[in-house]
Number of protein chains: 2
Amino acid sequence: MSLRISTKGRYGIRAVSRIAVERESLPVSLHTISREEHIPLHYLEQLLLRLRRKGLVSSIRGPKGGYVLNRRPDRISVAEILEALEGKLSMTDCLSRGECSLDKKCILNPFWARLNDRIQSDLDNITLEELVSGAWERKLKPAVHIKDPA
Amino acid sequence: MSLRISTKGRYGIRAVSRIAVERESLPVSLHTISREEHIPLHYLEQLLLRLRRKGLVSSIRGPKGGYVLNRRPDRISVAEILEALEGKLSMTDCLSRGECSLDKKCILNPFWARLNDRIQSDLDNITLEELVSGAWERKLKPAVHIKDPA
DNA sequence: ACTAAATCCGACTATTTTTGTCAAGTATAA
DNA sequence: TTATACTTGACAAAAATAGTCGGATTTAGT
């Protein structure tokens, strides 16, 4: 099953979404997120740690503590969240390393790159706010392709 | 690094591409593909096995043998090749299993599904012929999104 | 000051997936 | 008959993923 998004990415998105919907920007604790989103507590801990180090969330320690967003949800893209958790979006190593291991330049490389760009573009374009409000649906239309004439 | 295409998929596409460009549909041997595309022989062997079982290629045994395409390159989509090698394209298990493990329906599911559809659509739309000829570039335009007004 | 609620952090483990490798067999052209 | 080439299943190494643990630190409330 190719092109998967790991649980890391999906858990992480669920987590920040939960923080985002908290009224009055109250801190949301790991326990709360873990319980409500069914994410293993200690695993979740790791994910929020990454997100904090990348500057997406801040933590508040002690009782009544938890996590809050560092920016408004409409200023955070889905791509940013995924990238913080799983690293840069890259379909192939060639793309991230910038060059192909093959002697003769691999002609497929530009194809992967284009595909990569299109997905990246989609993820860049959707904000956390749109994700939780459902507004993403207007932006991310089902793709329509021109059929070959039979 | 998320949303990767494994070597299985990339090797496989390179392999069928090599078979596709062989003039006069002569069979191309594993050795030839392995040598020219720098793919480990015995690994390649497995990949071609899958492709044969899925009906994309046929094998010819004995000296001067090798593999040939079962259909014209313009009748084989990139999606088919990838699916034969790596299984159905699916960003999340939820999508392939059809249902989410969460009690309350996960609101993110439709989002992953839409993203999935868009990629699938891209891959369905490009044929092997277009891939090797470079014609894919006309079909798969760089995505342009409407910027938020500042 | 004490306690309990919470995050912090590194190290560790388990599981799964990916990426191969190998050996013994079968088919066939020359 | 021989060398070339595919067939098949089993095995193995390496990497990535997913999860666990223990102890430390911070802080609100009493």
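Letters A, B, ... mirror the listed sequences (proteins, then strands); counts begin at 1. For clarity, every value in this text was computed on a predicted model and none was experimentally measured.
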*In terms of side-chain geometry, is the basic nitrogen of Glu37(A) or Arg14(A) positioned less than 4.0 Å from the acidic oxygen of its partner?*
yes
*So, Glu36(B) and Arg18(B), do they make that salt bridge, N to O below 4.0 Å?*
yes
_Nearest-0.5 Å distance, CG of residue Leu140(B) to CZ of residue Arg114(A)_ = 6.5 Å
*asked:* Between Gln120(B) and Asp124(B), is there a side-chain donor-acceptor contact under 3.5 Å, judged purely by atom types and distance?
replied: yes
Using the 3.5 Å cut-off, write out each protein N or O paired with an N or O of nucleotides 12-17 of chain C and the distance between them.
none

*Can you list every pair that meets side chain to side chain donor-acceptor pair (under 3.5 Å) and has a residue in residues 48-59 of chain A, with sequence neighbours left out?*
Ser58(A)-Asn70(A)
*asked:* Using OP1 and OP2 only, check whether a side-chain N or O of Tyr11(B) sits under 4.0 Å from dG20(C).
replied: yes
*Ser6(B) vs dT18(C): side-chain N/O to OP1/OP2 distance below 4.0 Å*: no
*Contacts of Arg35(B) that satisfy side chain to side chain contact (heavy atoms under 4.5 Å, CB included) - sequence neighbours left out*: Thr32(B)
_Axis deviation across the helix from dA1(C)-dT30(D) to dA30(C)-dT1(D), five-pair ends, to the nearest 10°_ = 10°
*For His42(B) and dG9(D), give me the distance from atom NE2 to atom P, rounded to whole Å.*
17 Å
*Let me know the distance between NE2 of His31(B) and C1' of dT4(D), rounded to the nearest Å.*
9 Å
*Closest nucleotide of DNA chain C for Ser2(A) versus for Ser29(A): which of these residues is on the 5' side?*
Ser29(A)
*Mind jotting down which residue pairs meet the ring-ring contact (aromatic ring centres under 6.0 Å, His included) criterion with at least one end in residues 64-83 of chain B? Sequence neighbours excluded, please.*
none
*For DNA chain D, whose closest nucleotide is more 5', that of Leu44(A) or that of Glu45(B)?*
Glu45(B)
*Mind listing the residues from residues 49-68 of chain B sitting with a heavy atom below 4.0 Å of DNA chain C? Number order is fine.*
Arg61(B), Gly62(B), Pro63(B)
